[in-house]
Amino acid sequence: MDKNIKEMICIVCPNGCRMTVSSEGPDEIAVAGNRCVRGKSFAIKEMTNPVRSLSTTVRTDSEKFPVLPVRLSAEIPKDRIFDMMGEINKIRVTGPVRPGAVLAKNLLGLGADLIATAGIATKVRK
């Protein structure tokens, strides 16, 4: 089996270590260049199951505030970000809302809820 080698910069802590990660399979991953244990964990996760958090906006019916900032309650697989954005882009919010309100539950069955990070609207229409 060919070795899979990637170079990456760790984003877990302020060190920003340049790491080289080599893999001959999911159980054989070697990490070099990390200055802390968190860097090694990050590199292994990036090689086996990369996930990302997502913050964006949704449309509203408000003329004064045409968009509402939102975030997902959990990280999602990196390869599903565009699918998630397609689903989020279908949502339009109306009515009063408080920051932290759940606008949509378990989007795409990935276990992540859409949460308002500011206040203005709640009722969700697709």
Kindly compute the distance separating SG (C17) from CD1 (I11), expressed to the nearest 0.5 Å.
12.5 Å
Which atom of C13 lies closest to which atom of C36, heavy atoms considered
SG-SG, 4.1 Å
Rounded to the nearest 0.5 Å, what separates atom CG in L114 from atom CD1 in I91?
5.0 Å
Is any side-chain heavy atom of N4 closer than 4.5 Å to one of M47?
yes
Indicate if V31 and V12 have the same hydrophobic cluster label, given that clusters are the connected sets of ILVMFWY residues with side-chain heavy-atom separations under 4.5 angstrom.
yes
Do L54 and I88 have side chains that approach each other closer than 4.5 Å (heavy atoms only, starting at C-beta)?
yes
I need the E28 CD to S23 OG distance, nearest 0.5 Å.
8.0 Å
Quick one: CZ on F65 to OG1 on T57, what's the gap to the nearest 0.5 Å?
14.5 Å
Quick check for you: to the nearest 0.5 Å, what is the distance between I29 atom CD1 and I44 atom CD1?
5.5 Å
Side chain to side chain contact (heavy atoms under 4.5 Å, CB included) partners for R59, two or more places apart
R92
Could you pull out the closest heavy-atom pair between R98 and A116, with the gap in Å?
O-CB, 4.1 Å
Does M85 belong to the same Ile/Leu/Val/Met/Phe/Trp/Tyr cluster as V93, with side-chain heavy atoms less than 4.5 Å apart forming each link?
yes
Looking at side-chain heavy atoms only, is the closest gap between I120 and T60 below 4.5 Å?
yes
Begin with the C-alpha distance, continue with both residues' side-chain angles, and end with the deciding distance and a verdict on side chain to side chain contact (heavy atoms under 4.5 Å, CB included) for L103 and I115.
CA-CA 6 Å; L103 302 175; I115 299 174; over 6 Å; no
Validation row: S55, P69 side chains within 4.5 angstrom (heavy atoms):
no
Looking only at heavy atoms, what is the nearest atom pair of G111 and S73, with distance?
O-OG, 4.3 Å
Side chain of D113, backbone of N106: donor and acceptor closer than 3.5 Å?
yes
With sequence neighbours excluded, what pairs up with P77 under the side chain to side chain contact (heavy atoms under 4.5 Å, CB included) test?
D79, R80, L110
Once salt bridge (charged side-chain N to carboxylate O under 4.0 Å, His left out) is applied, what residue pairs with a partner in residues 37-57 remain, sequence neighbours excluded?
K45-E75, E46-R52
To check you understand the geometry: which heavy-atom pair defines the closest contact between C10 and M19, and what is its length?
CB-CE, 3.6 Å
To the nearest 0.5 angstrom, please state how far the CG atom of L107 sits from the CD atom of E87.
6.0 Å
Heavy atoms, side chains only, cut-off 4.5 Å: are V58 and V67 in contact?
no
So D83 and L108, side chain to side chain contact (heavy atoms under 4.5 Å, CB included) or not? Walk me through it.
CA-CA 8 Å; D83 298 334; L108 298 177; 3.8 Å; yes
Check whether any side-chain N or O of S22 sits under 3.5 Å from a backbone N or O of I5 as a donor-acceptor pair, and report yes or no.
no
Quick check: closest heavy atoms across M8 and A43, and the distance to 0.1 Å?
SD-CA, 3.9 Å
